[in-house]
Trainee: 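There's a structure below that I have some questions on.
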Number of protein chains: 2
Amino acid sequence: MRIDDPGDAAVPARRRPAPTSKDVARVAGVSQSTVSYVMSGKRPISEATRRLVLDAIAELTYEPHAGARALAGHRTKVVGLMMPLHDAESAGGLMEFAEEIAIQARRRDHDVLMLTADEGPSALARVQRRAMCDAVVIMQVITDDPRVATAREVDLPVILIGVPADRDGLHCIDVDFESAAELLVDELADASAREIAVLGWAQEWDDAGANFIPRFRASAAARAAARGVALRWVGAPHTRGGVEAFLDAVLDPDGGAHPGLLTVQSPHHVGAALQQRGLLPGRDLDLVSLCTDAEAERQPVPLTAVSTQPRCVSAEAMAWLFDLLDGDAPAELRLVPARLTRRASVRPIKENRP
Amino acid sequence: MRIDDPGDAAVPARRRPAPTSKDVARVAGVSQSTVSYVMSGKRPISEATRRLVLDAIAELTYEPHAGARALAGHRTKVVGLMMPLHDAESAGGLMEFAEEIAIQARRRDHDVLMLTADEGPSALARVQRRAMCDAVVIMQVITDDPRVATAREVDLPVILIGVPADRDGLHCIDVDFESAAELLVDELADASAREIAVLGWAQEWDDAGANFIPRFRASAAARAAARGVALRWVGAPHTRGGVEAFLDAVLDPDGGAHPGLLTVQSPHHVGAALQQRGLLPGRDLDLVSLCTDAEAERQPVPLTAVSTQPRCVSAEAMAWLFDLLDGDAPAELRLVPARLTRRASVRPIKENRP
DNA sequence: CAGGATCGTCGATACGCATCGACGATCACG
DNA sequence: CGTGATCGTCGATGCGTATCGACGATCCTG
């Protein structure tokens, strides 16, 4: 295993110190402060000088030292992202979410510092005192989230994904689960369902304090009532067994008129279990789901589904964050609309559809 | 929406500047440099003085300014993590992987900067020139990875997860897919299988350059030959349809002696498809899988499986990284052993088992 | 008890950038 | 042609920490 081979000619550029703004100034024949003003645009610079400096920057492939910039300029160009605790069920959406956060940050020449939820509220205090971030995004905030109190104390712009009990003075954003529920109930009601059976979230989620569950549930119930449809909510675990029990409980044993089915997670288990019973969504009954578009299209029968659009939430959260960073933005609750996409799992009804 | 309410008494601690090491020095009655030496331990300090300083630090809840430390000390206490492109299939393992990286970093008082693969090799050059990281971990490196050339040029310790074509002078770590294949083939052979059918990775993965596939495949073939077992490799997409086609092709239509089944992804599709045919792993045939432990246990019949142990790979990678940071560590390829866990999906055979 | 060695602490400096005040040059206008 | 005003650039300073050389105090040795 050969390392540090002195005869290796393939190591030309190593150990060469990175160029500084002073180097750029020397090459361009201007002062260091002029280089700084060219980069920040905070003072007028003549076109000729600007060109000289930009050429020098390109020639040296200069990039400002992040630490020096943070020290002198009081900003880091880094956004903290507090990830949720690992959870296999929702992993897909979370990755997409985080990736979009990073993409949006890079679009504005910022970076993302990854914070873990298990470090807890102290992570916020730490990154503030050490001046590591200009702002923080906290994912998957629950009703009684211990991180919220710290978020309020900390002298950093914070965006919360999710809705805590007391959101006074906080910037919260979430999917509009109320309208998502309405869209799903309407879709089944429009398909002439007189009864809707919902495979809700597992009890653990509810217990954990994920308040989008009661929001979704209340909205679905209200909409169903308004449409004159009976709604039956079953909170089963999203395992194969839980799904089987759900279907046993709600399907018509005579094979007659099945209720419209609405599942909020792992639709593939529902699809597989139905298939095993010889039932095909879109042919024998109606099935709608709350899931990502990718998930809906991965099913044997592509699902009519409402997507929570994780990338939209991320993008909106980051847009808001940068508004906060330059100037003020109101502390409020923003709900990102959910979007229904019709696919093949609901039987087409001509009437009632524009 | 009320913000910046001047009458709000709940904003006492805001806009108070963070304490500096000079503040600590004043409170402790020593000089600033003494504070620094207490924190770094790079010079002997008397127990009495150390106590004074530590008390002052605690009293002020002082934390060093990251930018200033980076500027003066030439290290950032930040590790870059280049995440793979979003991929729904493997999302579960990836989140666990990244989380463990963060945990290991925090254990050593470091943080993790999230870099995205779609920014590509330039991200490496950027974080180096800006001095944002002390080292970088690159996930999911493939055979002809464009990031590898940059990784070699860059003057930063780099750990690659995965094996590129030319790994001369590089620090690479990966799961030992060779021994994983052997464990799985052995398990089926020990259960008296005379024939093994493998549901391999989808073609796209192979095309993308994931070289663990040929490594796994060659090793499985060699072991099967050594054990006198016929091996049939089928590279089907891991959709429900792909799995059905796989089973149609390899199962004995007469319902007689089925081959031993080995799947390397999404075992739940295989389990569901088998169940639909009235076949139960561990009763009617033998099924083993390469997947995470969580996935294996989530199946209706808990699967005998080899786990790629993402947390072990992360932990080992980070241990190596910190060895690299203080002192040298050899540039080599490290393979993390895979671990077989016997569950219920293989029919027990007394003979040949210790 | 004198001598040097060791221990513990301090003051000064440098790190690379942003920002402020100052100042020469250019221009418009009377 | 003189006088402000504006424009463009420069020099100097400070951000908070790590580190180096220096130096008084203490210890051990002969």
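Excluded from the calculations below are hydrogen atoms, water molecules and symmetry mates; all remaining heavy atoms, backbone and side chain alike, are included. Letters A, B, ... are given to chains in the order of the sequence lines, protein chains preceding strands, and every chain is numbered from 1.
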Trainee: Decide, yes or no, whether a salt bridge links B:Glu119 with B:Arg126 under the criterion of side-chain N to carboxylate O below 4.0 Å.
Mentor: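 Looking at B:Arg126 together with B:Glu119, the answer is yes, because their closest N to O distance falls below 4.0 Å.
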Trainee: Please evaluate the base of C:dG21 for a donor-acceptor partner in the side chain of A:Arg43 within a cut-off of under 3.5 Å?
Mentor: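 Answer is yes: a donor-acceptor pair is held.
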Trainee: Roughly, in whole Å, what's the span from CG in B:Leu71 to C1' in C:dC15?
Mentor: 4 Å
Trainee: Taking only side-chain N and O atoms of B:Ser31, does any of them lie within less than 4.0 angstrom of OP1 or OP2 on C:dG11?
Mentor: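 The answer is no; no side-chain N or O of B:Ser31 sits under 4.0 Å from OP1 or OP2.
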Trainee: For B:Arg51, does the CZ atom have more than 12 heavy-atom neighbours from other residues, nucleotides or ligands under 6.0 Å away?
Mentor: no
Trainee: Between C1' on C:dA18 and CE on A:Met39, what's the gap in Å once rounded to a whole number?
Mentor: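 Distance check: A:Met39 CE to C:dA18 C1' gives 12 Å.
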Trainee: In whole Å, I'd like the distance from the NE2 atom of B:His74 to the C1' atom of C:dT13.
Mentor: 13 Å
Trainee: Could you tell me whether a side-chain N or O of A:Arg106 sits under 3.5 Å from a main-chain N or O of A:Asp111, the two making a donor and an acceptor?
Mentor: no
Trainee: May I ask you to say what B:Ser36 touches in the nucleic acid, namely base, sugar-phosphate or nothing, with a heavy-atom cut-off under 4.0 Å?
Mentor: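 Touches a base.
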Trainee: Heavy atom of residues 123-132 of chain B under 4.0 Å from DNA chain C: which residues?
Mentor: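 None, since no heavy atom is under 4.0 Å.
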Trainee: Please test A:Ser31 against A:Thr34 for side-chain hydrogen bond (donor to acceptor under 3.5 Å, both in side chains), starting from the C-alpha separation and ending with a verdict.
Mentor: CA-CA 5 Å; A:Ser31 75; A:Thr34 299; 3.1 Å; yes
Trainee: Is it the case that the base of D:dC20 and the side chain of B:Tyr37 share a donor-acceptor contact (distance under 3.5 Å, atom types as modelled)?
Mentor: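 Such a pair is found, so the answer is yes.
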Trainee: Tell me if a side-chain donor or acceptor on A:Arg26 pairs with a main-chain N or O of A:Lys22 at a distance below 3.5 Å.
Mentor: no
Trainee: Rounded to whole Å, please give me the gap between CD in A:Gln32 and P in C:dG16.
Mentor: 11 Å
Trainee: Look at the side chain of B:Asp23 and the backbone N and O of B:Thr20, then say whether any donor-acceptor pair between them is shorter than 3.5 Å.
Mentor: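 Checking the backbone N and O of B:Thr20 against the side chain of B:Asp23, a donor-acceptor pair under 3.5 Å is found.
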Trainee: Scan residues 50-59 of chain B against DNA chain D and write down, sorted by residue number, each residue with any heavy atom closer than 4.0 Å; if none is found, say none.
Mentor: none
Trainee: Take atom CD1 of B:Ile45 and atom P of D:dA18, then tell me their distance rounded to the nearest Å.
Mentor: 13 Å
Trainee: So which one's nearest nucleotide on DNA chain C is more toward 5', A:Thr34 or A:Ala18?
Mentor: A:Ala18
Trainee: Would A:Arg152 and A:Asp166 pass as an ion pair if we require N to O under 4.0 Å?
Mentor: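 Salt bridge between A:Arg152 and A:Asp166, a charged N being under 4.0 Å from a carboxylate O: yes.
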Trainee: Grab the CZ-P distance between B:Arg69 and D:dA18 for me, whole Å please.
Mentor: 5 Å
Trainee: Indicate, yes or no, whether a donor-acceptor pair under 3.5 Å links the base of D:dG11 to the side chain of A:Ser33.
Mentor: yes
Trainee: Check the distance between D:dG8's P and A:Lys42's NZ and give it to me in whole angstrom.
Mentor: 19 Å
